[in-house]
Amino acid sequence: MTAILAVRDLHVAIGRRGHAANVLRGASVDVEPGEVRGLVGESGAGKSMLGRAILGLLPANAVITAGTIAFEGRDLLAMPEPERRKLLGRRIALIPQDPMTSLNPVRRVGAQIAAVLSHHLGLSKRQARARAGELLAEVAIREPGRVLDLYPHEISGGMRQRVLIAMAFACNPSLIIADEPTTALDVTVQRQVLQLVERLRQSHGAAILFVTHDLGVVAKICRTMTVLHAGRVLEDGMTADVLARPRHPYTRALLAATPRADRPAEALRPVPPALIESLWSEAHRLDRLADAGLPS
Amino acid sequence: MRWGEIIRRVLLIPPTLAGVGLIVFVLLRVVPGDPIAMMIPPGASAADIARLRALYGLDQPILQQFVVWSGQVLTGDFGRSISLHQRVFELVLARLPATLELALLGTVIAVLLGTVVALIGAYLRGRRAEWAIDGGVGLLLAIPDFLWALILLLLLGVILPVLPISGRIDPQLDIAFGTNFYLIESLLTGRLDVAAALLQHMILPALALALPFAALVARLLKAQLAEAEDQDYAQVARARGFSRPAILLRDVLPNALIPTVALGGVQITLLLGGTVLVERIFSYEGIGNMAIDAVINRDFPLIQGLILTFAVLFIALNLAVDLLVTLLDPRLRHG
């Protein structure tokens, strides 16, 4: 099967020339059609940057210094802006991290969903509103007709995340970037949202790149996973294999640091500082090699 | 804004006006300058002066004068103008529409101009052209309205005489109006040629009032636009394939307007205050121009009436701004 998304050797640096810090150091990730891939790493690993690079949402002071991002065989980075905009929101969608800040506070929920539908699918105002109501029903929001006319501050955080999920699936995308979509939610709401995303993925047939630091979530819903650290891919494979037989010492350390129901809390061990240090010094060695123009 | 807040604000209006009235009343009488001295012919006898003084009640103690005046004001009688020999109420009422129309036109120009400049500046964020916008706005902000009045008068009235430089309407035009809102009336009744003639006279003073306020709007709004564009909802909108101009107009602007109106709305009072000098410079027949004559003639009743009028306008503007913020922000509407 050919990958729907192929990120190859992606390098991203942040900051001005001379003071730039590398956040991605040759990361490569594949997502196959319909699969859910977990992108795992600690804070600062570059996992969110990778997601943002795919969506063209890198911060203004970040530059892609090398690499390609191919979506359905076409390089997003080489594509003219208007063409990429036709893909974003329609073929590639985002489920953002924070439902509290990701909806426009002064526009009604229905209008925000309808805007995506009329922008990409050319639906009329009335059609878009009707379809927005159907989408809300699909994400298990009761009284969708009433919720359409509410402002974001009038609904709960869990409901806002459902609205954002409805918007992500609105145009039947083939790839969804889920950027830690459950991090900002209560644990009880988290489970419902994960089940919802999984159900919609199956009915809409989208692939998901699931960015998270939560190995528990990965174990539950991701078929494949990629472990990222300091902007490098350390390990990559079927989730079941990686979790059962981690090859990289960092993955092993991460697993040992993850709470599990079948294990006493005392068995939790933090990732050894020496390991983190050696990973960073390896990353900086690669930076120096790259600066000197040598292949790593 | 909740109903309780609105009622509280309305209840505060009478004491505010009473305070303004008292301060103006007392100040006028303790600072040097005597209306009677302005009226008397040279060589009038001391007895004549005393009789005149008594006629206007100016021989009484200040506090007693104030009580008498306040009582009259409460019955709608603002007294007679000493210099113009007419009822103050009618004088102000006849001139007020001219000032309101001018201030309204100035505000509309300023808001439109300021918004466009702010949007362009926000769109150019991070590029070199942004500096040019910021510099231009700073220059506009640094020049006060009366100086703009003189500059515009010189440029478009004298050096390049394309626009009239004085009055409200061409004196040769003999047009009957039903109200004193000439511009609004002519627009509503479809007399566009009359409206055009009026606008020709109003555009320079309105521009002079508008330019510093436009710069203020541009500066405030541009900063708020930049802040709103960094918010998650604007970023997420980009990931949905919307173009930057579309996001700026539909997502960012409605959010940025809320703090801009809250912070900058009350500054319209500065524009209103600016009418005093600008109307004078363009010999525009409004209450600002009238106020200067009233002060020169030490016309106590007229000054008091005009100051109260300005005070009412300022209070009304403040209330209107708060209502507008509530209207723009759904979180306050339901709050």
Side-chain angles (χ1 to χ4, degrees), chain A residues 51-61 81-109 111-113 115-121 149-155 160 163-164 167-168 170-171 173 176-179 184, chain B residues 1-2 115 119 121-131 221-262 323-335:
Chain A
R52 292 182 139 245
I54 298 164
L55 296 160
L57 283 189
L58 286 176
N61 58 350
E81 169 81 18
E83 213 155 314
R84 202 171 53 170
R85 278 213 309 271
K86 277 186 206 149
L87 293 176
L88 290 176
R90 180 178 187 159
R91 309 289 302 142
I92 311 173
L94 165 74
I95 303 177
Q97 178 169 8
D98 189 350
M100 305 313 277
T101 57
S102 297
L103 286 167
N104 186 339
V106 304
R107 292 177 71 195
R108 291 175 204 275
V109 167
Q112 298 192 48
I113 306 175
V116 180
L117 292 164
S118 36
H119 179 61
H120 285 299
L121 307 179
D149 288 325
L150 295 180
Y151 287 96
H153 73 273
E154 296 174 294
I155 59 180
R160 292 189 210 189
V163 169
L164 287 162
M167 290 171 88
C171 304
I176 286 179
I177 313 288
D179 185 9
Chain B
M1 201 160 40
R2 287 163 212 162
T115 305
L119 280 168
Y123 184 74
L124 295 173
R125 178 145 70 125
R127 292 196 224 164
R128 205 159 288 177
E130 187 193 3
W131 302 355
L221 183 59
K222 178 171 169 278
Q224 298 298 340
L225 285 170
E227 200 173 316
E229 200 185 6
D230 287 339
Q231 301 297 310
D232 284 343
Y233 56 80
Q235 297 289 311
V236 170
R238 275 173 58 202
R240 296 198 184 107
F242 292 105
S243 68
R244 223 180 133 222
I247 295 170
L248 276 176
L249 281 175
R250 222 165 35 172
D251 289 306
V252 176
L253 181 62
N255 278 286
L257 275 178
I258 298 166
T260 306
V261 171
L323 282 172
L324 184 59
V325 172
T326 314
L327 220 63
L328 287 172
D329 193 342
R331 286 160 297 190
L332 293 176
R333 271 205 305 273
H334 307 273

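Treat the numbers as computed from the prediction; the structure is a model and nothing was measured. Just so we're on the same page: letters track the sequence lines, and every chain starts at 1.
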With a 4.5 angstrom heavy-atom cut-off, is it the side chain or the backbone of [X] that approaches chain B, or both, or neither?
| X | result |
| --- | --- |
| Pro96(A) | side chain |
| Leu87(A) | neither |
| Leu57(A) | both |
| Ala115(A) | both |
| Met100(A) | neither |

- prompt: Considering residues, nucleotides and ligands other than Glu227(B), do more than 12 of their heavy atoms fall under 6.0 Å from its CD?
  reply: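 Count not over threshold, so no.
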query: Between OG1 of Thr101(A) and CD of Gln235(B), what distance do you get to the nearest 0.5 Å?
result: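 Between atom OG1 of Thr101(A) and atom CD of Gln235(B) there are 10.5 Å.
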statement: Separation between OH (Tyr233(B)) and CZ (Arg107(A)), nearest 0.5 Å, reads 11.0 Å
message: I need the residue from Pro173(A), Ala60(A), Ala93(A), Pro105(A) with the largest number of non-hydrogen atom pairs under 4.5 Å to chain B.
response: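 Option with the top pair count is Pro105(A).
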- prompt: Using a cut-off of under 4.5 Å for heavy-atom pairs, which of Arg52(A), Lys86(A), Met167(A) has the most such pairs with chain B?
  reply: Met167(A)
statement: Asp179(A) meets the side chain to side chain donor-acceptor pair (under 3.5 Å) criterion, sequence neighbours left out, with Ser48(A)
Residue pairs passing the salt bridge (charged side-chain N to carboxylate O under 4.0 Å, His left out) test where at least one lies in residues 236-246 of chain B, sequence neighbours excluded: Glu229(B)-Arg244(B)
- request: With a 4.5 Å cut-off on heavy-atom pairs, point out which of Leu328(B), Val252(B), Asp251(B) contacts chain A the most.
  value: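 Looking at each option in turn, the highest pair count goes to Asp251(B).
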message: Is the shortest side-chain heavy-atom distance between Phe242(B) and Val116(A) below 4.5 Å?
response: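 Of all side-chain heavy-atom pairs linking Val116(A) with Phe242(B), at least one is under 4.5 Å.
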task: Sort Arg250(B) into side chain, backbone, both or neither according to what part of it lies under 4.5 angstrom from a heavy atom of chain A.
output: both
